[in-house]
Amino acid sequence: MTLHRPAGTISDGDDPIAITPEDAGWTYSGLRVIRLEPGQRRTIETGVDEYAILPLSGGGAAVSAEGTRHVLEGRESVFSRISDWAYVPIETTMTIESTTDRPVELALASARATRRTELHYGPAEEVAIELRGGGQASRQINNFCSPEQFAGADKVMCVEVYTPDGNWSSYPPHKHDDSPDCEVNNEEIYYFRIGDAGRTTYT
């Protein structure tokens with residue numbers, strides 16, 4: 001199993017990131033980053049996957065499903081502000097449409113699920129912010145789709161972590177597997193963006 005996937009190695013057409021449970025060799029978790037040109041739209045059948053949709057850069061997009069349309073304001077980059085987001089359940093046809101005059105990128109985090117819940121829009125101002133750690137292990141956690149913040153998902157959980165220059169992001173060392181001393185068994189995908197609002201590189 002290859003755990004590190006460098007930028008450019010798991011693209012799919014115009015999408016810079018595309019990884020499924022089958023690609024990774026595990027059971028639940030997936031991640032797709034889509035890039036839409038101005039006015040472009042993408043229709044996706046969720047099937048057995050539920051999705052948390054988070055704008056990354058370029059502005060916002062509209063998410064339409066089940067007769068409703070939610071406009072995500074989005075943001076200039078992941079370093080500029082906390083973003084609003086949307087949850088889309090399994091067995092749903094959703095359409096994502098760019099609402100900006102420049103390319104927009106969105107992360108579609110997914111998990112295999114069995115329970116169908118309700119479509120949800122999460123405003124940026126309702127995202128719970130947590131400061132974790134201390135010293136060079138301090139970081140900011142934006143709990144937009146953690147179980148404590150949003151109980152409407154079946155399996156998927158997502159957070160953003162802002163780590164200051166020179167700090168560690170996962171200290172003290174820990175794990176989320178099925179070993180006897182572990183409280184939870186979670187598959188985890190870490191998608192890194194390094195830089196600032198003016199200059200950003202991807203890894």
Side-chain angles (χ1 to χ4, degrees), residues 3 17 19-21 24 26-34 44 46 48-57 60-61 63 65 68 70-75 77-90 92 94 96 105-134 137-164 167-179 181-194:
L3 297 180
I17 302 290
I19 188 166
T20 67
W26 50 53
T27 306
Y28 298 102
S29 302
L31 175 67
R32 181 176 288 270
V33 174
I34 67 172
I44 297 172
T46 64
V48 296
D49 293 321
E50 59 183 351
Y51 286 85
I53 301 171
L54 183 73
L56 297 175
S57 66
V63 179
T68 63
H70 295 293
V71 177
L72 307 182
E73 182 180 346
R75 52 194 168 177
S77 81
V78 295
F79 303 103
S80 60
R81 66 183 292 267
I82 296 171
S83 179
D84 50 353
W85 66 286
Y87 167 83
V88 181
I90 62 173
T92 301
M94 66 172 167
I96 305 173
E105 287 188 311
L106 303 100
L108 279 60
S110 62
R112 295 287 153 86
T114 55
R115 180 172 60 93
R116 192 175 194 275
T117 59
E118 299 296 323
L119 186 74
H120 174 79
Y121 167 74
E125 57 270 19
E126 294 183 7
V127 174
I129 299 172
E130 175 187 0
L131 300 180
R132 189 177 297 176
S138 61
R139 63 270 194 194
Q140 175 180 312
I141 315 297
N142 299 332
N143 291 300
F144 69 95
C145 188
S146 65
E148 297 81 10
Q149 168 80 11
F150 174 62
D154 182 29
K155 295 285 193 303
V156 70
M157 60 179 74
C158 306
V159 301
E160 280 191 316
V161 181
Y162 288 115
T163 305
N167 282 18
W168 293 96
S169 188
S170 294
Y171 187 86
H174 62 284
K175 56 185 178 179
H176 300 293
D177 60 16
D178 56 359
S179 59
D181 296 329
C182 189
E183 296 180 358
V184 293
N185 181 14
N186 290 338
E187 296 173 354
E188 292 183 283
I189 296 176
Y190 287 79
Y191 175 53
F192 293 93
R193 290 203 164 188
I194 300 171

If you look at every heavy atom in [X] and [Y], which pair is closest and at what distance?
| X | Y | result |
| --- | --- | --- |
| I82 | A124 | O-CB, 3.6 Å |
| A24 | I19 | CB-CD1, 4.0 Å |
| P164 | S138 | CD-O, 3.5 Å |
| W26 | E188 | CH2-O, 4.4 Å |
| L106 | A61 | CD2-CB, 3.9 Å |

Can a donor-acceptor pair be found, under 3.5 Å and without considering hydrogens, that links the side chain of [X] to the backbone of [Y]?
| X | Y | result |
| --- | --- | --- |
| E187 | S29 | yes |
| T92 | M94 | no |
| E105 | L56 | no |
| N143 | I129 | no |
| T46 | P89 | yes |
| R116 | I90 | yes |
| R115 | K155 | no |
| R139 | S169 | yes |

Next item on the list: Let me see the working for R81 and E73 under side chain to side chain contact (heavy atoms under 4.5 Å, CB included), right down to the final yes or no.
Entry: CA-CA 11 Å; R81 66 183 292 267; E73 182 180 346; 4.2 Å; yes

Check: For the side-chain hydrogen bond (donor to acceptor under 3.5 Å, both in side chains) test, which of T27, D49, T20 pairs with R112?
Finding: D49

Notebook entry, point to check: Taking everything shown except E125 itself, do over 12 heavy atoms lie less than 6.0 Å from its CD?
Noted result: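 Yes, CD of E125 has more than 12 neighbouring heavy atoms, counting only those of other groups under 6.0 Å.
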
Notebook entry, point to check: Above 12 or not: heavy atoms from other molecules or residues under 6.0 Å from OH of Y28?
Noted result: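 No, because the 6.0 Å sphere around OH of Y28 holds 12 heavy atoms or fewer from other groups.
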
Nearest 0.5 Å please: distance from the [atom1] atom of [X] over to the [atom2] atom of [Y].
| X | Y | atom1 | atom2 | value |
| --- | --- | --- | --- | --- |
| I17 | L31 | CD1 | CG | 6.5 Å |
| I53 | S83 | CD1 | OG | 11.5 Å |
| S110 | I189 | OG | CD1 | 7.0 Å |
| M157 | Q149 | CE | CD | 13.5 Å |
| I96 | L108 | CD1 | CG | 4.5 Å |
| R132 | T163 | CZ | OG1 | 10.5 Å |

Check: Can you say whether the rings of W85 and F144 are parallel (under 30°), tilted (30 to 60°) or perpendicular (over 60°)?
Finding: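 Plane angle over 60°, so perpendicular.
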
Margin query: Are the side chains of S57 and R193 in contact, using a 4.5 Å heavy-atom criterion?
Written below: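 Counting from C-beta outward, R193 and S57 do come under 4.5 Å.
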
Next item on the list: Consider only side-chain N and O atoms of Y87 and T117, and report whether a donor and an acceptor are under 3.5 Å apart.
Entry: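 Indeed, the side chains of Y87 and T117 share at least one donor-acceptor pair under 3.5 Å.
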
Next item on the list: Apply the test side chain to side chain contact (heavy atoms under 4.5 Å, CB included) to residues Y121 and D84: give CA-CA distance (whole Å), side-chain angles for both, the deciding distance (0.1 Å), then the verdict.
Entry: CA-CA 8 Å; Y121 167 74; D84 50 353; 2.9 Å; yes

Checklist line | For R75, all residues meeting salt bridge (Lys or Arg N to Asp or Glu O under 4.0 Å), sequence neighbours excluded | finding: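 For R75 the salt bridge (Lys or Arg N to Asp or Glu O under 4.0 Å) partners, ignoring immediate neighbours, are E160.
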
Item checked: Contacts of type salt bridge (Lys or Arg N to Asp or Glu O under 4.0 Å), residue E126, not counting sequence neighbours ->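 E126: no salt bridge (Lys or Arg N to Asp or Glu O under 4.0 Å) contacts found.
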
